Student: 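One structure coming up, written as structure tokens, with questions to follow.
Quick caveat, the model's predicted, so the values are computed rather than measured. Heavy-atom basis, side chains included; hydrogens, waters and symmetry copies ignored.
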Amino acid sequence: MAPRIFGFSDVAKSGLLGEEADALLEAALLRINGGPFSASAAYLHGRGLVGSLGAEFTGQTVARLFRNPAIAGLKREPDGSLVDAGHPRILTPEQFAQLEERDAEDAKKKSSDSGGEATDAYEYVYGSSDLVVCGLCGAYFHGLRTNSGHPGYCCSAAPRADRPGTCGRVRISAQLLEDHLGEQLVARLSLPATQRDLEDAREDARTLAAELRKELDDLNAGVDSLAGMVLRHEITASSAKSAKTDAKRQQKELARRIRVLERAAATPVTGSVPELVAWWNSASVEAKAGLAQLMLYRVDVFPGGQGVRTLKPGRVKLWWRNQPPPPPAGEPQE
């Protein structure tokens, strides 16, 4: 069965989830008003929201969502025309048409800038786990294409329509960063102690995931008890509403962290060095991100200059899990 669409209460799209639907509309308006998909993804992330399968939003996942006519209460006929689908809508048909116009404008610009050739789709391996962060401010990185359509990573703390922004000054080519990290991770797989370290890290991930699941269960129980507390006049209705809002934000963040840990814990770490390297070369994007999560605390990326096509020493700092933990992200390093 296909998963439910973000913003809808179920697979049948019989109703809307208020917070998700409201956030999706605001994210779509950012796009309609000229913003890139990554800005909409950053907005949803800032609201503490994740996709219906628990994954963080990226520019690519937001693009797929914005291109689904169901969010406007429509469906596409075999001839390509759009007709009413008979279920609730989050966007108006006019707003959906504006999203399609933005896509057409971007495609035309990319084709013009690249001499008539559009760039291929690109999968961001590390951006969905908060593993890669800005070395200046500590904000997570997300996928972002340049005006010419080239894929890259960018600090997510850039100015947006809904906030002034605090950074956003660090960007790097996706191919440059991912090739470098892939080489470093595969090189580590050949070290004698790596497999033992991976086993220890996977056990730590399982333990922490179990602790967070209990924390989430306790939080859910606390939310369920709020109605009774209001009826017993132990708290006011407004206090209960505020507590629910705060709890929702915590629930989404806990669910996201649990998903990242479970993905890491499910990564295969046994086998010979050649077997692990062969696994890496054929592994899915999610599996590679899981292995990276087991091997690294964090990856800090610093500025590299305009149009830099090589990695200067010190630009990318890898914090390995078999070494002392790093300082908080964004703090000055010795």
Student: How about Leu17 and Arg4: do any of their side-chain heavy atoms sit closer than 4.5 Å?
Tutor: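 Leu17 reaches Arg4 side chain to side chain.
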Student: Tell me whether Ser239 contacts the main-chain N or O of Ile235 through its side chain, where contact means a donor paired with an acceptor under 3.5 Å.
Tutor: no
Student: Can you tell me how far the NE2 atom of His180 sits from the OG atom of Ser173, to the nearest 0.5 Å?
Tutor: 13.0 Å
Student: Mind checking whether Phe8 and His87 have ring centres under 6.0 Å apart?
Tutor: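 Centroid separation for Phe8 and His87: below 6.0 Å.
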Student: What about Phe66 and Phe96, are their ring centers closer than 6.0 Å?
Tutor: no
Student: Show the nearest heavy-atom pair for residues Leu99 and Ala28, with the distance to one decimal.
Tutor: CD2-O, 3.8 Å
Student: Any donor-acceptor pair under 3.5 Å linking the side chain of Gln95 with the backbone of Thr92?
Tutor: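 Indeed, once roles are kept as given, a pair shorter than 3.5 Å links the two residues.
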Student: Give me the atom names and distance for the closest heavy-atom approach of Leu294 to Ala264.
Tutor: CD1-O, 3.4 Å
Student: Please check if Tyr153 and Val316 belong to a single hydrophobic cluster, counting links between Ile, Leu, Val, Met, Phe, Trp and Tyr side chain heavy atoms closer than 4.5 Å.
Tutor: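 Shared cluster, yes.
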Student: Within the 4.5 Å heavy-atom criterion, are Glu19 and Leu49 side-chain neighbours or not?
Tutor: yes
Student: Between Ile32 and Leu44, is there shared hydrophobic-cluster membership here, with clusters defined by ILVMFWY side-chain heavy atoms closer than 4.5 Å?
Tutor: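 Yes, it is one cluster - the side chains of Ile32 and Leu44 are joined through contacts under 4.5 Å.
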Student: Got a donor-acceptor contact below 3.5 angstrom from the Arg321 side chain to the Gln293 backbone?
Tutor: yes
Student: Side chains of Gln323 and Tyr297: any donor to acceptor distance under 3.5 Å?
Tutor: no
Student: Can you check whether Gly7's main-chain N or O pairs, donor with acceptor, with Glu20's side chain at less than 3.5 Å?
Tutor: yes
Student: Taking all heavy atoms of Arg89 and all of Gly73, pick out the closest pair and write down the distance.
Tutor: CB-N, 3.5 Å
Student: Got a sec: does the CZ of Arg257 have more than 12 other heavy atoms crowding it under 6.0 Å?
Tutor: no
Student: According to a hydrophobic-cluster definition based on side-chain heavy atoms being under 4.5 Å apart (Ile, Leu, Val, Met, Phe, Trp, Tyr only), do Val132 and Leu261 belong together?
Tutor: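 Hydrophobic grouping puts Val132 apart from Leu261.
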Student: Quick one, Arg67 and Arg64 - any side-chain contact, counting heavy atoms below 4.5 Å?
Tutor: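 Not touching, per the 4.5 Å side-chain cut-off.
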Student: Is the count of non-hydrogen atoms from other residues, nucleotides or ligands lying under 6.0 Å from Lys252 atom NZ greater than 12?
Tutor: yes
Student: Looking at Glu253 and Lys248, does any basic side-chain N land under 4.0 Å from a carboxylate oxygen?
Tutor: no
Student: Ignoring hydrogens, what is the shortest heavy-atom contact between Leu30 and Ala39? Give both atom names and the distance.
Tutor: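 Where Leu30 meets Ala39 most closely, the heavy atoms are CD1-O, 4.1 Å.
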Student: Between the side chain of Arg298 and the main-chain N/O of Pro327, is any donor-acceptor distance below 3.5 Å?
Tutor: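 Looks like yes, one N/O pair under 3.5 Å.
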Student: Give me the ring orientation class for Tyr140 and His45: parallel if the planes are under 30° apart, tilted from 30 to 60°, perpendicular past 60°.
Tutor: tilted
Student: Between CD of Glu215 and CD1 of Ile258, what distance do you get to the nearest 0.5 Å?
Tutor: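 One gets 8.5 Å once the value is rounded to the nearest 0.5 Å.
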Student: Under a 4.0 Å N-O cut-off, is there an ion pair linking Glu262 with Arg259?
Tutor: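 The answer is no: the pair does not qualify as a salt bridge.
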Student: Could you report the tightest heavy-atom contact between Ala139 and Ala157, atom names first, then the distance?
Tutor: CB-CB, 3.8 Å
Student: Do Phe57 and Leu65 make a side-chain contact, defined as non-hydrogen atoms from C-beta onward lying under 4.5 Å apart?
Tutor: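 They are in contact (side-chain heavy atoms under 4.5 Å apart), so the answer is yes.
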Student: Are the side chain of Asp217 and the backbone of Ala221 linked by a donor-acceptor contact shorter than 3.5 Å?
Tutor: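 No.
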Student: Compare every heavy atom of Ile172 with every heavy atom of Val301, then report the nearest pair and how far apart it is.
Tutor: CG1-CD1, 4.0 Å
Student: Examine Leu91 and Ile5 and state if one hydrophobic cluster contains both, with Ile, Leu, Val, Met, Phe, Trp and Tyr joined whenever side-chain heavy atoms are less than 4.5 Å apart.
Tutor: yes
Student: Counting C-beta onward and ignoring hydrogens, is there a side-chain heavy-atom pair between Asp200 and Arg196 closer than 4.5 Å?
Tutor: yes
Student: Any side-chain heavy atom of Leu311 within less than 4.5 Å of one from Leu177?
Tutor: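 No - every pair of side-chain heavy atoms lies 4.5 Å or more apart.
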Student: Do Leu291 and Leu198 pass the side chain to side chain contact (heavy atoms under 4.5 Å, CB included) test, and can you show the C-alpha distance, the side-chain angles, and the key distance before you say yes or no?
Tutor: CA-CA 8 Å; Leu291 182 62; Leu198 287 174; 3.8 Å; yes
Student: Should Glu211 and Lys214 count as an ion pair when the cut-off is N to O under 4.0 Å?
Tutor: no
Student: When clusters are formed by joining ILVMFWY residues with side-chain heavy atoms under 4.5 Å apart, either directly or through shared neighbours, do Val133 and Trp319 land in the same one?
Tutor: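 Result: no, two separate clusters.
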Student: Closer than 3.5 angstrom, by distance alone: can the side chain of Thr245 be matched with the main-chain N or O of Lys241 as a donor-acceptor pair?
Tutor: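 Answer holds: yes.
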Student: Does Thr61 reach the main-chain N or O of Thr58 with its side chain, forming a donor-acceptor pair under 3.5 Å?
Tutor: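 It does hold such a pair.
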Student: Can you check whether Cys134 reaches Phe141 side chain to side chain, under 4.5 Å on heavy atoms?
Tutor: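 Yes; the side chains approach each other to less than 4.5 Å.
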Student: State whether the side chain of Arg315 and the backbone N or O of Phe302 hold a donor-acceptor pair below 3.5 Å, judged by distance alone.
Tutor: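 Looks like yes, one N/O pair under 3.5 Å.
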Student: Report yes or no: does Arg31 contribute a side-chain atom to a donor-acceptor pair with the main-chain N or O of Ser40 at less than 3.5 Å?
Tutor: no
Student: So do Leu82 and Lys75 actually touch side chain to side chain, heavy atoms under 4.5 Å?
Tutor: no
